[in-house]
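Notes for the one structure printed next.
The basis for the numbers below is simple: all heavy atoms, side chains too, and nothing from hydrogens, waters or symmetry mates.
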Amino acid sequence: MKQLQFDEVRACLPTGKTSFYYHRDRYVLYLLQRLQHNCGMRTIRDVKKSRYAHWLNKPFIKAWLASMGRDDVSLDELLYYWPKDTAAATYLLSLGQWGNETWDTWYQTSRAGINAVLQLNLPFEHQKVFEQQGIEQIWRASRWHHPMSDSRLTMAWARLDWDWQTGQAIIEEIQSDWLRDYADLLAEAVSAKARGESSVWRGGEIPLETVFSYQSMFTQHQKTWSEAMLTAALWFLQQELGFKEVFYHGWQTGNAVKRLGEDHVPPRSLYTELPEKFAFERVNQGPLFLERDPKVKKVKKRQDVWQWYRWAA
């Protein structure tokens with residue numbers, strides 16, 4: 001998108017903190033709400049008859065259904081259900097940008113222009129653990145070239161592009177550096193402890209006790225970060241911006257369109273298992289604003305596989 005298009009959207013969004021609450025499998029409730037509002041799905045029985053029936057096997061939903069004892073229950077009753085014993089996280093959303101209007105494959109965008117970046121930031125207590133040791137912005141160490149928040153500990157982000165004329169949007173990528181970086185930090189701390197050392201270095205001395213004590217805060221986000229990030233991206237594109245048709249790269253096609261070398265390809269599961277878990281539809285055509293792009297057309301001619309994922313509701 002053009003810089004002006006991005007600036008106009010950002011100017012219309014609320015300023016300050018935007019909280020985003022997530023517990024495991026909550027994406028199911030969000031997507032069912034979309035299907036209820038836009039596709040006429042009204043009861044649990046309607047869900048059972050649809051291709052989304054397997055979502056009802058999620059543990060917290062299965063337990064709720066057992067307590068209801070019937071399937072003619074209004075979908076509204078499930079959509080506002082919050083499991084009491086489920087660990088939930090409170091994230092903070094922020095919006096940044098990535099890329100520029102001239103073509104540069106270094107940015108790994110599908111076309112020339114700006115990507116909006118939806119940042120999923122951890123609560124302040126996470127960064128406070130390290131700032132108390134005098135280490136500011138440890139999460140940005142060696143990551144200046146990635147679109148993370150300047151003031152928050154960004155757990156993950158989603159790069160987004162859209163086109164108002166076609167009414168279509170795309171999720172270019174979702175990624176997390178912090179989960180990988182902390183895992184490396186933890187491994188380094190374990191090795192340092194074995195050598196009899198008391199700290200590791202990340203722009204300053206970090207006591208091993210601090211690294212180890214943070215692990216319990218960190219672990220709860222490992223299993224759900226990708227589904228939380230994808231849910232937040234869909235919420236932003238659909239609820240905040242009003243797009244009903246959202247695309248997501250297939251793994252092989254995305255690597256080709258974004259001109260990724262073998263050393264820079266993302267985990268395959270993020271572009272296969274994740275969109276399929278969200279019931280994205282496999283399609284053989286991407287968003288029109290990319291299909292019409294001259295550089296994307298050239299890439300398409302050289303591909304044996306041209307696969308995308310699409311969610312429309």
Q. Aromatic rings Phe130 and Trp178: how do their planes relate, parallel, tilted or perpendicular, breaks at 30° and 60°?
A. perpendicular
Q) Would you call Arg202-Glu188 a salt bridge at under 4.0 Å N-O? A) yes
Q: Check the pair Thr154 / Asn121 against side-chain hydrogen bond (donor to acceptor under 3.5 Å, both in side chains), numbers first and verdict last.
A: CA-CA 4 Å; Thr154 299; Asn121 304 304; 2.7 Å; yes
Q.
ring pair (Phe, Tyr, Trp, His ring centres under 6.0 Å) for His126 and Tyr214? Distances and angles first, verdict last.
A. CA-CA 8 Å; His126 282 252; Tyr214 177 72; 5.5 Å; yes
Q | Beyond-backbone contact of Trp162 with Asn115, side-chain heavy atoms, under 4.5 angstrom | A | no
Q. Below 4.5 Å, heavy atoms only, C-beta onward: do Gln3 and Asp7 meet side chain to side chain?
A. yes
Q) How would you list all residue pairs meeting side chain to side chain donor-acceptor pair (under 3.5 Å) that involve residues 244-256, not counting sequence neighbours? A) Ser110-His249, Gln168-Glu245, Glu172-His249, Glu245-Arg310
Q | Whether Arg152 side chain and Leu93 backbone form a donor-acceptor pair below 3.5 Å | A | no
Q: Give a yes or no answer on whether the side chain of Gln5 reaches the backbone of Lys2 with a donor-acceptor pair at less than 3.5 Å.
A: yes
**Q.** Result of checking Phe60, Tyr30, Tyr81 against His23 for ring-ring contact (aromatic ring centres under 6.0 Å, His included)
**A.** Phe60
**Q.** Main-chain N/O of Ser216 paired with Thr219 side-chain donor or acceptor, under 3.5 Å
**A.** no
(Q) Tell me if the aromatic rings of Tyr309 and Tyr271 count as close, with their centers under 6.0 Å from one another. (A) no
Q | Close aromatic pair by centroid cut-off 6.0 Å: His146 and Trp157 | A | yes
(Q) Around atom CD of Gln165, are there more than 12 heavy atoms from other residues, nucleotides or ligands closer than 6.0 Å? (A) no
Q) How about Tyr52 and Leu35: do any of their side-chain heavy atoms sit closer than 4.5 Å? A) yes
Q | Lys/Arg-Asp/Glu bridge criterion (N-O < 4.0 Å) met for Glu276, Arg282 | A | yes
Q: Measure the shortest side-chain to side-chain distance between Tyr22 and Thr90 over non-hydrogen atoms and say whether it is less than 4.5 angstrom.
A: no
Q: Might you point out which heavy atoms bring Ala112 and Thr102 nearest each other, and give the distance in Å?
A: CB-C, 4.1 Å
Q. Is there a side-chain contact between Gln137 and Leu153, using heavy atoms and a 4.5 Å cut-off?
A. no
Q: Check the surroundings of atom NZ in Lys277: do more than 12 heavy atoms from other residues, nucleotides or ligands lie under 6.0 Å from it?
A: yes
Q: For His37, look at atom NE2 and say whether over 12 heavy atoms of other residues, nucleotides or ligands are found less than 6.0 Å away.
A: yes
**Q.** Contact check, side chains of Trp55 and Leu32, non-hydrogen atoms, under 4.5 Å
**A.** yes
**Q.** Under 3.5 Å: donor-acceptor pair, side chain of Arg42, backbone of Gln36
**A.** yes
Q.
Name the residue from Gln108, Glu173, Gln97 that meets the side-chain hydrogen bond (donor to acceptor under 3.5 Å, both in side chains) definition with Arg159.
A. Glu173
Q. Tyr107: what forms a ring pair (Phe, Tyr, Trp, His ring centres under 6.0 Å) with it, not counting sequence neighbours?
A. Trp98
Q.
Give me the atom names and distance for the closest heavy-atom approach of Trp103 to Thr109.
A. CH2-O, 3.9 Å
**Q.** Pair Asp293 + Lys295, salt bridge at N-O below 4.0 Å
**A.** no
Q: Mind listing the closest non-hydrogen atom pair of Leu270 and Pro275 along with its distance?
A: O-CD, 3.5 Å
Q. If you draw a 6.0 Å radius around CD in Glu101, do more than 12 non-hydrogen atoms from other residues or ligands fall strictly inside?
A. yes
Q. Would you say the side-chain atoms of Thr43 pair up with the backbone N or O of Asp46, donor to acceptor, closer than 3.5 Å?
A. yes
Q. Between Asp161 and Met1, is there a donor-acceptor pair closer than 3.5 Å when you use the side chain of the first and the backbone of the second?
A. yes
Q: Indicate yes or no: at least one non-hydrogen side-chain atom of Val73 is less than 4.5 angstrom from one of Leu78.
A: no
(Q) The criterion is ring pair (Phe, Tyr, Trp, His ring centres under 6.0 Å); which residues satisfy it with Tyr91, sequence neighbours excluded? (A) His221
(Q) Treating Arg292 as the side-chain partner and Pro287 as the backbone partner, does any N or O pair qualify as donor plus acceptor under 3.5 Å? (A) no
Q.
Could you check whether Lys300 pairs with Glu291 (Lys NZ or Arg NE/NH1/NH2 to Asp/Glu carboxylate O, under 4.0 Å)?
A. yes
(Q) When you compare the side chains of Arg34 and Gln239, does any donor N or O come within less than 3.5 Å of an acceptor on the partner? (A) yes
Q: State, without any angle test, whether Trp225 and Gln220 hold a side-chain donor-acceptor pair at a distance under 3.5 Å.
A: no
Q | Heavy-atom closest pair, residues Leu234 and Leu31 | A | CD1-CD2, 4.0 Å
Q | side-chain hydrogen bond (donor to acceptor under 3.5 Å, both in side chains) assessment of Ser149 paired with Gln119 | A | CA-CA 7 Å; Ser149 171; Gln119 297 153 339; 4.6 Å; no
Q) Does the side chain of Leu79 reach to within under 4.5 Å of the side chain of Glu77, using non-hydrogen atoms? A) no
Q. What are the two closest heavy atoms between Thr166 and Leu288, and how far apart are they?
A. CG2-CB, 4.0 Å
